[in-house]
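Each remark here refers to the structure printed beneath this line.
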Amino acid sequence: MGSQTWAVLLCVALFMVSGAMGAAPRRPVAVPFGRNYVPTWAFDHIKYYNGGSQIELHLDKYTGTGFQSKGSYLFGHFSMDIKLVPGDSAGTVTAFYLSSQNSEHDEIDFEFLGNRSGQPYILQTNVFTGGQGNREQRIYLWFDPAKTFHRYSVLWNMYQIVFFVDDVPIRVFKNSKDLGVRFPFNQPMKMYSSLWNADDWATRGGLEKTDWSKAPFVAAYRGFHIDGCEASVEAKFCATQGRRWWDQKEFQDLDGLQYRRLQWVRQRFTIYNYCTDRSRFPTMPPECRRDRDA
Ligand SMILES: *[C@@H]1O[C@H](CO)[C@@H](O)[C@H](O)[C@H]1NC(C)=O
């Protein structure tokens with residue numbers, strides 16, 4: 001057989017193996033900040049290293065800062081390696097999220113709530129559809145997120161939104177259109193990230209105040225990976241819908257191992273889940289039927 005045939009066979013074999021093993025998203029490719037992102041505000045509070053392959057956001061008592069993707073996207077895989085503010089980070093919030101720009105907006109959020117030295121960060125996630133949020137889940141992490149870089153990513157397709165921490169799915173928001181719940185599908189979103197002071201609510205409900213003598217507070221970023229269907233802000237659909245890797249069968253649901261990992265996070269690290277908050281929601285929000293199955 002010629003080498004071309006071998007190459008084809010190898011590709012088929014690899015494809016079958018990866019298919020059988022299920023649905024870990026493609027490995028992100030690290031690119032410099034400027035490839036996919038631009039600063040949004042307080043430009044002088046962003047520091048660049050190694051040609052922009054790593055950046056820092058600085059928060060002081062004058063201002064926080066943030067950046068956003070150049071493009072807007074309908075579906076895809078978005079990931080960032082982040083090292084959160086070390087030491088006394090109480091009152092600070094570092095966020096990494098997707099959001100559409102209109103009034104009835106869609107949003108997919110990671111928010112890291114800082115804490116006093118030695119106390120654990122909280123990771124809060126939320127999903128807004130058509131302007132409606134109130135879907136908070138909060139967990140502790142199984143590592144110190146301020147010590148080294150960890151990867152936080154979102155896989156978003158027509159079937160599900162999955163939040164990953166490294167390779168562990170920590171949350172799945174299934175498309176529950178059949179249950180009457182809106183799902184983000186027709187409003188392109190941009191990626192945003194920011195570091196700001198939220199000591200009015202973030203740490204123990206606003207009881208812990210930011211200690212400005214510890215400023216500047218610094219969060220570091222690298223990775224800057226975006227693999228999405230780029231669309232104009234007004235687009236209603238993705239031109240290549242159904243044909244991209246994240247649309248394929250193995251990304252339409254979690255596999256067995258991923259569900260087991262999700263369960264592990266659920267059982268060991270959950271602080272709060274809106275789906276089980278009966279004082280706030282006497283009747284369970286419809287999509288929570290799928291959250292419970294998770
Ligand atoms: C901070 O630490 C306290 C005490 O361990 C804990 O109750 C709280 O959940 C932690 N996180 C935040 C963001 O307040």
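Starting from 1, each residue takes its place in the sequence as its number. Ligands are counted one by one from 1 in listed order, and the atoms in each one are counted from 1 as well. All of these numbers come straight from a predicted model, not from anything done at the bench.
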Filter on salt bridge (charged side-chain N to carboxylate O under 4.0 Å, His left out), then keep only pairs touching residues 96-110, sequence neighbours left out; what's left?
Glu104-Arg182
Check for me whether Tyr121 has a heavy atom closer than 4.0 Å to any atom of ligand 1.
no
Heavy atom to atom 14 (O) of ligand 1, shortest distance: which of Gln119, Arg204, Glu208 holds it?
Arg204
Return the orientation label for the Tyr152 and His150 ring planes: parallel under 30°, perpendicular over 60°, tilted otherwise.
tilted
Classify the ring geometry between Tyr97 and Tyr192 as parallel (under 30°), tilted (30 to 60°) or perpendicular (over 60°).
parallel
Can you check which of Tyr272, Tyr140, Trp201, Phe112 brings a heavy atom nearest to atom 6 (C) of ligand 1?
Tyr140
Once ring pair (Phe, Tyr, Trp, His ring centres under 6.0 Å) is applied, do any residues pair with Trp41, and if so which ones, sequence neighbours excluded?
none
Counting only heavy atoms from other residues, nucleotides and ligands, does the tally under 6.0 Å from NZ of Lys177 exceed 12?
no
Heavy-atom contacts with Gly114 under 4.0 Å: which atoms of ligand 1 show up? List them by number with element.
13 (C)
Enumerate the atoms of ligand 1 whose separation from the nearest heavy atom of Asn115 is less than 4.0 angstrom.
1 (C), 2 (O), 3 (C), 8 (C), 10 (C), 11 (N), 12 (C), 14 (O)
For ligand 1, which atoms have a heavy atom of Leu113 less than 4.0 angstrom away?
13 (C)
